[in-house]
Amino acid sequence: MRHHTVETSDGGHLRVFSFGDGPGVVLVCGTNTVAPTYFRTARRLSKGLPVHVYDRRGRPGSSLQPHDYSMNSEVADLGRVLDATGSTMVFGHSYGGAVALEAGLQLPVRRIAVYDAVPNIGGAVPTHFLPEFESAVQRGDVHRAVSILGKGISAKLNASPLPEPAFQAVVRLLAIATRKGRAWKGTVHSAVNELAFLEGNRPPAERYAGIPVPVLVLFGSSSDEFYRVIAQALSAQLLHGRCTAVPGADHGALDRAPGVLIRELSGFLAAREH
């Protein structure tokens, strides 16, 4: 694995981790996550092709989000990483999936794969908790902010039988004991802008009908229901789309890189164009 830096068009920088050299696939991370979260998936995928994972802006190692943050700035940054690595394929997780899909409308990519992508089609993504989440972030209460985010997005977490003090104790433990948790302090601020973008942008699925390249739309069979709703609505409109449920996988499956998910991705990314 090689660590390097890519400059953005406005003078910023992005931290990139490359598993293999040369053209391959660029992996776009989700909200409140950092590139190392995806290292296990990247290593397994890199047995077949180079994989380049980057920290989007607002994460440790990369520049802060611009004041005029938008999806266009995300796509411009992704374009710089594609150019720097010579890659023409994109794989996006969650919010990174929304970035990857937008790239399909703006950039000369060859293939796109997404897992539990969240283009907020029809307002399917829960964002009602944003004011409470933003307030906790502004107070510097990272653990509370992460609890609000987790329970706000996931009906399954919200239905947890744990009383709130016990739930927050678990969050505090994860913030100490896990790589993802230790990064939360550096990622929650960027999550505010990303959630605000989703709340303010609720495109119809037809918006993505103009993507001219093959798109693999994956969702976890154990993820929250709205991921399936978005995936199926999206794939129904794509010119060259295929929608597949990943058995037994939840929204955090890329942390663990289950074999069934890696096989789906590897097969799609290795396919030759007709």
Discussion item. Are T88 and V109 packed together at the side-chain level, in the sense that at least one heavy-atom pair is separated by less than 4.5 angstrom?
Written reply: no

Item to complete: Flag the pair E164 and K151 as a salt bridge only when some basic side-chain nitrogen lies within less than 4.0 angstrom of an acidic carboxylate oxygen.
Response: yes

Worksheet entry | salt bridge (charged side-chain N to carboxylate O under 4.0 Å, His left out) between R144 and E132, intermediate numbers included | CA-CA 10 Å; R144 177 61 180 153; E132 186 183 7; 2.8 Å; yes

Discussion item. Quick check for you: to the nearest 0.5 Å, what is the distance between I153 atom CD1 and S223 atom OG?
Written reply: 12.0 Å

Worksheet entry | Residue pairs passing the salt bridge (charged side-chain N to carboxylate O under 4.0 Å, His left out) test where at least one lies in residues 240-253, sequence neighbours excluded | R242-E264, D250-R256

Worksheet entry | Shortest non-hydrogen separation from P258 to A253 and the atoms involved | CD-O, 3.2 Å

Worksheet item: What's the shortest heavy-atom distance between L49 and M89, and which atoms?
Response: CD1-CE, 3.4 Å

Worksheet item: With a distance cut-off below 6.0 Å to the six-membered ring centre and an angular limit of 45° from the axis, does R15 pair with Y54 as a cation-pi contact?
Response: no

Fill in: Test: R179 and D255 ion pair at under 4.0 Å
no

Practice prompt. Find out whether L239 and I211 are in side-chain contact, i.e. whether some heavy atom of one side chain is under 4.5 Å from a heavy atom of the other.
Written response: no

Practice prompt. Taking only Lys NZ, Arg NE, NH1 and NH2, and the carboxylate oxygens of Asp or Glu, determine whether E194 and R56 approach each other closer than 4.0 Å.
Written response: yes

Worksheet entry | Pairs flagged by salt bridge (charged side-chain N to carboxylate O under 4.0 Å, His left out) wherever residues 25-50 is involved - sequence neighbours left out | none

Fill in: Heavy-atom pair with the smallest gap, counting every atom of V217 and A231
CG1-CB, 3.6 Å

Worksheet item: Below 4.0 angstrom, N of the basic side chain to O of the carboxylate: do E134 and R139 qualify?
Response: no

